[in-house]
Q: 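Below you'll find the structure I mean.
Just follow the structure's listing: the first ligand is 1, and inside any ligand the first atom is 1.
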Amino acid sequence: MTVEREREPRPSLSPQARGAAAAAAAAAVALTLLWAMGQVTLLGAGLAFLFIAAAALWGVRTGAGVPAARLAAADEAQRQDSSRRLVAGIVAALPDPAVALDRDGRVIAFNEAARAVAPALRTGEHALLALRSPPVVDAVRRSLASGEPQQAEFSERVPIDRWYEAHVIPATPTAELDRGLYLLVLHDLTPMRRIEEMRADFVANASHELRTPLAALSGFIDTLQGSARDDPDARERFLAIMREQARRMARLIDDLLSLSRIELAEHIRPDTPIELTGVLRQVVDGLQPLARERGVDVKVAAEAPLIVPGDRDELIRVFENLVENALKYGASGKRVDIAVERSSSLDGPEAKVLVRDYGPGIAAEHLPRLTERFYRVDVGQSRAEGGTGLGLALVKHILARHRGRLQIESTPGHGSTFTAHLPALARPGDEINDESIR
Ligand code: ADP
């Protein structure tokens with residue numbers, strides 16, 4: 001394809017220039033004639049001279065005397081400049097990394113988000129110098145060559161794994177942007193990829209957790225049908241283990257179903273007024289046998305009454321998990337203290353339930369991951385305690401549904417404190433002041 005260049009017009013004067021020149025010339029001729037005829041005084045000549053000078057100055061100010069092609073070129077440059085500024089303004093306002101290119105691939109503008117992805121981008125330079133990823137470079141080349149939209153996926157490994165989808169979109173070039181306009185927009189796929197990975201990990205973990213007791217069960221069934229067929233002692237022992245494995249599978253399935261139910265309903269805030277101290281006492285009473293078995297003294301200190309909008313069964317589940325963990329993993333401290341306190345946050349009155357044990361504590365690197373599904377500090381210990389690795393994940397999601405949160409503090413060697421924060425009613429009988437979540 002060839003592009004025919006318009007021939008440059010011959011230099012000519014603009015209408016203003018022609019007018020000014022004509023006025024100045026007429027005045028000069030008249031003055032000369034009058035002077036020659038002796039009809040003009042010195043004062044008249046001075047006035048006429050001033051008139052000529054003013055006409056000439058007006059001509060300069062209005063561009064008179066400048067070739068029209070140069071003026072047109074200056075106008076064009078100004079229009080180009082304001083179009084580029086407009087493009088830069090739009091690109092800067094886009095939330096995703098975005099770069100505007102001309103048809104040669106030179107950068108017209110880019111935003112801060114694009115600078116973070118490609119720090120070498122410079123206005124006026126070729127974009128391909130700054131875009132390191134081969135799929136993006138290819139997509140830009142293809143789009144510039146064909147004038148068609150192109151798309152490519154790429155990932156960055158440093159400083160952390162990130163995935164992007166690059167779109168190169170030829171924009172309709174306006175008359176002002178004579179070098180064309182192509183938009184390169186990067187769409188961040190990282191959050192979506194992370195969720196996909198988490199889902200895949202979750203399915204792998206859940207299958208693994210279920211397969212372990214299942215393998216134990218089928219192993220014992222084989223043994224009972226074979227070598228232990230006529231051994232009543234072995235049969236009793238194996239049946240007890242099998243019952244425990246079956247219970248473990250049931251607990252796991254129960255926790256998995258609870259988690260997905262709570263996640264599905266997480267946007268609906270429960271709003272039944274629940275008195276927390278009563279719930280805590282009920283939980284502690286239920287766990288007394290375990291506390292006695294472990295030789296742990298459980299104390300509840302409560303300010304009564306403290307009412308939160310909530311779901312009683314779910315709150316029981318939260319405190320059961322926290323107190324049971326304290327009894328299982330912190331038993332060596334021989335003491336568990338539970339406190340129900342009123343406090344306040346920026347959002348209003350708050351209830352705090354602290355569950356404190358004096359056991360071995362948890363190393364700092366584990367703390368941020370404890371609420372992940374299936375995350376355990378010590379898998380063997382968790383299994384031995386009948387844990388599923390889902391307890392704290394459930395706690396976190398239930399508290400989120402109640403618009404609360406879980407705080408974990410621990411000093412290795414001295415124990416741990418798990419604190420549930422829940423929005424509370426200022427006084428019993430108060431309304432929940434949050435229409436948006438109903
Ligand atoms: P699990 O079913 O394994 O108890 P959780 O989600 O309830 O699962 O807890 C995750 C892990 O957090 C536990 O396996 C344990 O390693 C650790 N943990 C929880 N509570 C305590 C505690 N009070 N003291 C020490 N470690 C704890």
Side-chain angles (χ1 to χ4, degrees), residues 198 201-202 205-213 244-263 280 283-284 286-287 290-291 293-300 314-339 352-401 404-420:
M198 271 168 61
D201 282 356
F202 176 67
N205 280 328
S207 321
H208 175 74
E209 293 291 331
L210 281 169
R211 200 175 289 133
T212 315
E244 186 41 47
Q245 295 299 327
R247 280 203 192 119
R248 187 171 150 199
M249 287 178 76
R251 260 199 314 272
L252 196 65
I253 291 167
D254 188 39
D255 279 359
L256 284 171
L257 289 177
S258 303
L259 247 181
S260 81
R261 213 180 33 244
I262 288 158
E263 267 188 320
L280 256 305
V283 167
V284 170
L287 287 169
L290 178 65
E293 183 195 313
R294 303 289 164 110
V296 178
D297 187 21
V298 185
K299 286 209 164 55
V300 181
E314 287 183 10
L315 290 175
I316 286 178
R317 194 93 192 243
V318 165
F319 302 125
E320 261 175 8
N321 267 308
L322 296 181
V323 178
E324 204 178 316
N325 278 351
L327 292 173
K328 288 191 313 195
Y329 303 111
S332 58
K334 298 289 169 208
R335 213 175 105 199
V336 169
D337 291 330
I338 299 165
K352 277 199 314 192
V353 179
L354 297 93
V355 179
R356 175 161 195 199
D357 70 65
Y358 301 85
I362 307 161
E365 71 262 26
H366 298 295
L367 296 182
R369 301 200 57 191
L370 286 185
T371 55
E372 283 176 24
R373 286 145 209 238
F374 299 115
Y375 188 87
R376 287 105 144 186
V377 176
D378 179 338
V379 178
Q381 187 191 15
S382 161
R383 292 232 171 100
E385 293 288 2
T388 59
L390 295 172
L392 291 178
L394 262 168
V395 167
K396 178 180 142 178
H397 283 282
I398 294 175
L399 290 178
R401 186 169 178 235
R405 68 190 166 89
L406 178 67
Q407 180 188 1
I408 310 175
E409 292 153 303
S410 188
T411 314
H414 292 91
S416 314
T417 304
F418 288 72
T419 308

Q: When you check the gap from the basic side-chain N to the acidic O, do Glu263 and Arg373 get nearer than 4.0 Å?
A: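 Counted as a salt bridge, because a side-chain N and a carboxylate O are separated by less than 4.0 Å.
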Q: Can you report which non-hydrogen protein atom sits closest to atom 12 (O) of ligand 1, along with the distance?
A: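 Residue, atom and distance for the closest contact: Leu370 CD2, 3.4 Å.
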Q: Could you work out, for atom 27 (C) of ligand 1, the closest of Ile362, Asn325, Asn321 by heavy-atom distance?
A: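 The residue whose heavy atom sits nearest atom 27 (C) of ligand 1 is Ile362.
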Q: With a cut-off of 4.0 Å, which atoms of ligand 1 are near a heavy atom of Thr388?
A: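 Counting atoms of ligand 1 from 1, those under 4.0 Å from Thr388 are 2 (O).
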Q: Leu390 versus Leu252: any side-chain heavy-atom pair under 4.5 Å?
A: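 Leu390 vs Leu252: side chains touch.
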Q: Does Lys328 pair with Glu293 as a salt bridge, N-O distance under 4.0 Å?
A: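 Here Lys328 does not pair with Glu293 in a salt bridge, since their nearest N and O are not under 4.0 Å apart.
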Q: Kindly identify the option in Gly387, Ser382, Ser416 whose heavy atom sits closest to atom 3 (O) of ligand 1.
A: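 It is Ser382 whose heavy atom sits nearest to atom 3 (O) of ligand 1.
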Q: Check the pair Tyr375, Arg369 against side chain to side chain donor-acceptor pair (under 3.5 Å), reporting the backbone distance first and the verdict last.
A: CA-CA 7 Å; Tyr375 188 87; Arg369 301 200 57 191; 4.8 Å; no
Q: To which protein heavy atom is atom 23 (N) of ligand 1 closest, and what is the distance rounded to 0.1 Å?
A: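 Going by distance alone, atom 23 (N) of ligand 1 is nearest to Asp357 OD2, 2.9 Å.
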Q: Nearest heavy atom to atom 6 (O) of ligand 1: which of Leu367, Val379, Leu392 does it belong to?
A: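 Among Leu367, Val379, Leu392, the closest heavy atom to atom 6 (O) of ligand 1 belongs to Leu392.
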Q: Note the single closest protein heavy atom to atom 16 (O) of ligand 1, along with its residue, its atom name and the distance in Å.
A: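 The protein heavy atom lying closest is Val377 N, 3.1 Å.
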Q: Among all protein heavy atoms, pick out the one at the shortest distance from atom 10 (C) of ligand 1; state its residue, atom name and that distance to 0.1 Å.
A: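 Result: Tyr375 O, 3.4 Å.
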Q: Salt bridge check: are Glu324 and Arg317 linked by an N-O gap of less than 4.0 Å?
A: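 Answer for the salt bridge query: no.
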Q: Which residue holds the protein heavy atom closest to atom 14 (O) of ligand 1, what is that atom called, and what is the gap in Å?
A: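 For atom 14 (O) of ligand 1, the nearest protein heavy atom is Arg376 CG, 3.1 Å.
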Q: Test your reading of the model: is there a side-chain donor-acceptor pair from Ser410 to the backbone of Ile362, 3.5 Å cut-off?
A: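 Such a contact is found between Ser410 side chain and Ile362 backbone.
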Q: Considering only heavy atoms of Gly389, which atoms of ligand 1 have at least one such atom less than 4.0 Å away?
A: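 Matching atoms, with element in brackets: 1 (P), 2 (O), 3 (O), 6 (O), 8 (O).
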Q: Is any side-chain heavy atom of Ile338 closer than 4.5 Å to a side-chain heavy atom of Lys299?
A: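 They are not in side-chain contact.
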Q: For atom 4 (O) of ligand 1, which protein heavy atom lies nearest, and how many Å away is it?
A: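 Checked against all protein heavy atoms, atom 4 (O) of ligand 1 sits closest to Tyr329 OH, 2.6 Å.
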Q: Does any part of the side chain of Leu256, heavy atoms only, come nearer than 4.5 Å to the side chain of Thr388, both counted from C-beta?
A: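 SC-SC contact between Thr388 and Leu256 ruled out.
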Q: Using distance alone, decide if ligand 1 has a nitrogen or oxygen within less than 3.5 Å of any nitrogen or oxygen in Phe418.
A: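 No, no N or O pair falls under 3.5 Å.
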